[in-house]
Amino acid sequence: MTSTHHDHTAGSAMAAEIAEQPALFAKLTAPSAPGWADAAAIAALVQDRGADRLQVVARGTSGHAAIALKYLAESVLGLPVVIVAPSVVTQLGGSPWSRNDVVLGISQSGASPDIVACLASARGAGASTVAYVNTPQSPLADAAEHSIDLRAGHEKAVAATKSYTATLLALTQMVAALAPRALTWPWASLAPEAERLLAPSAEMNELAYRIVSARSVVTLGRGYGYATAREAALKIMETCEVPALAYSTAEFMHGPIAATGPGTLVLTTGAVDAEIVKRCRHRGSDVVALPIGAGVGTLGPITDIIPFQLLAREAAVLSGRDPDNPTALKKATLTL
């Protein structure tokens, strides 16, 4: 492990924040945790408004949480989730809101001007607005009618880890509050599953070396695994400066597979179709399925990202980079 100036050990903050997640999950799902009341309040808002869809604005890691929400809400509730491109509002002057909409703005920092502008626009159009933030005193929280504190605690590393999974957990609690009572949610399995995925393994260490030596990385997922694939690719690009692209497993077969070849490492968020393995290997690429998704069902996206967080951090350190402070990146990205 390398060291940087001011006695900072490369990747130490990211490692600590990844390791916090089992305890964080246990805290956020405890019977007395305030997130349950938050979830019930937003569920009541959706019902009182008679909303026939959820609108979401988010970017980057928060955008991947929105993708996870889309798959979950649409499959469990039959409630469409529309992920609105912020530039529709900030660059094109659009107003895609209606008065019975509930619009969620997701941003760990709560500082991105485009997300703030979208919630202000939606609120001005008469929609109900909700901010999901890890920084309660923030412009996004101020712009929204309602604000949900993710309660992940301060995150030092630029690459988001625990704030991402806390976002997923809060959004999942909201879906659960809207879901039929007959459905069961294995909340108590989250912390043990996270602990299992954090266990060191020689295979994961070897895979980190392969990321370092890869010309490019492709991450694949489908259904609940698609958001994980998207976030995994971002973590690898942020920390390792290796080109990484994420695809739905189905979309991958519709063209992108042709761009693979020697030096391309394909990572999947679970079992992969034998035909993909065959075709990738025929082109000189290799395919590795990560050991995720055991026993948590619809909660899978919350824990499935953990091996990819570990891999990104380890590969960055192996390559001499500091994943806590990637070059050219800041903790809060301000776009409009």
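For this chain, numbers begin at 1 and follow the sequence in order. Values below: every heavy atom of this structure, side chains too, minus hydrogens, waters and symmetry copies. All of these numbers come straight from a predicted model, not from anything done at the bench.
Counting only heavy atoms from C-beta outward, the side chains of Val242 and Met237 never approach each other to under 4.5 Å. Counting only heavy atoms from C-beta outward, the side chains of Pro186 and Leu299 approach each other to under 4.5 Å. Within the 4.5 Å cutoff, the side chain of Thr165 has heavy atoms near those of the Ile305 side chain. Here the side chains of Val266 and Leu220 are in contact, with some heavy-atom distance below 4.5 Å. Looking only at side-chain heavy atoms (C-beta outward), Met253 and Ile276 come within less than 4.5 Å of each other. At a threshold of 4.5 Å between non-hydrogen side-chain atoms, the residues Thr172 and Leu72 count as touching. Side chains of Leu198 and Ile18 form a contact here, defined as non-hydrogen atoms less than 4.5 Å apart. With a 4.5 Å cut-off on side-chain heavy atoms, Tyr132 and Ile42 count as touching.
Remark: the backbone N or O of Pro86 is paired with a side-chain donor or acceptor of Thr90 at under 3.5 angstrom. Side chain of Asp322 to backbone of Gly11: a donor-acceptor contact under 3.5 angstrom is found. Judged purely by atom type and a 3.5 angstrom limit, Thr135 has no side-chain atom pairing as donor or acceptor with the backbone of Ser138. Judged by distance alone, the side chain of Arg210 and the main-chain N or O of Ala208 form no donor-acceptor pair under 3.5 Å. Remark: the backbone N or O of Val81 is not paired with any side-chain donor or acceptor of Gln55 at under 3.5 angstrom. Formation of a donor-acceptor pair under 3.5 Å by the Arg215 side chain with backbone atoms of Pro262 is found in this model.
One finds the OG1 atom of Thr219 at 10.5 Å from the CG atom of Leu265 (value rounded to the nearest 0.5 Å). Rounded to the nearest 0.5 Å, atoms CG (Leu140) and SG (Cys118) are 10.0 Å apart. Residue Leu169 holds its CG atom at 11.0 Å from NZ of Lys27, rounded to the nearest 0.5 Å. Distance check: Ser147 OG to Asp142 CG gives 8.5 Å after rounding to the nearest 0.5 Å. Between atom CG of residue Leu168 and atom CD of residue Gln173 there is a gap of 11.5 Å, rounded to the nearest 0.5 Å. Interatomic distance, Glu275 CD to Asp273 CG, rounded to the nearest 0.5 Å: 6.5 Å.
A salt bridge does not link Lys156 with Asp324: every distance from a Lys NZ or Arg NE/NH1/NH2 to an Asp or Glu carboxylate oxygen is 4.0 Å or more.
With hydrogens and angles left out, the side-chain atoms of Thr161 and Gln309 include no donor and acceptor closer than 3.5 Å. When only modelled atom types and interatomic distance are considered, Thr61 and Gln108 share no side-chain donor-acceptor pair under 3.5 Å. Between the side chains of Trp97 and Ser121, a donor-acceptor pair is found at a separation under 3.5 Å. Between the side chains of Tyr224 and Ser75, a donor-acceptor pair is found at a separation under 3.5 Å. Looking only at atom types and distance, the side chain of Arg321 has a donor-acceptor partner in the side chain of Ser319 under 3.5 Å away. Thr303 and Glu193 share no donor-acceptor pair across their side chains, judged by distance under 3.5 Å alone. A donor atom on one side chain and an acceptor atom on the other are found under 3.5 Å apart for Thr264 and Ser216.
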Residue pair Glu17, Lys162: steps toward the salt bridge (Lys or Arg N to Asp or Glu O under 4.0 Å) verdict: CA-CA 6 Å; Glu17 288 156 5; Lys162 64 176 183 174; 5.2 Å; no

Test log, rule side-chain contact (heavy atoms from CB on, under 4.5 Å), inputs Val46 and Leu54: CA-CA 8 Å; Val46 172; Leu54 291 175; 3.8 Å; yes

side-chain contact (heavy atoms from CB on, under 4.5 Å) between Leu190 and Thr29, intermediate numbers included: CA-CA 9 Å; Leu190 280 175; Thr29 58; 4.2 Å; yes

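For the residue pair Ala160 and Lys235, the shortest heavy atom distance occurs at O-CE, 3.1 Å. Scanning all heavy atoms of the two residues, the minimum distance from Leu150 to Ala170 falls at CD2-CB, 3.9 Å. In this structure, Ala246 and Ala233 approach most closely via the heavy-atom pair CB-CB, 3.9 Å. Nearest heavy-atom pair, Pro96 versus Val89, reported as atom, atom and distance to 0.1 Å: CD-CG2, 4.0 Å. The two residues Ser163 and Ala152 come nearest to each other via the heavy atoms CA-CB, 3.9 Å. Nearest heavy atoms, Ala125 versus Arg99: O-CG, 3.7 Å.
A tilted orientation is assigned to the rings of Tyr247 and Phe252, their planes being inclined by 30° to 60°.
A salt bridge (Lys or Arg N to Asp or Glu O under 4.0 Å) with Asp101 is found for one member of Arg49, Arg53, Arg123 and no other, namely Arg53. Tested against Met174 for a side chain to side chain contact (heavy atoms under 4.5 Å, CB included), the candidates Asp38, Leu45, Leu69 yield a single pass: Leu69.
Counting heavy-atom neighbours within 6.0 Å of Gln137 CD, excluding the residue itself, gives a total of 12 or less.
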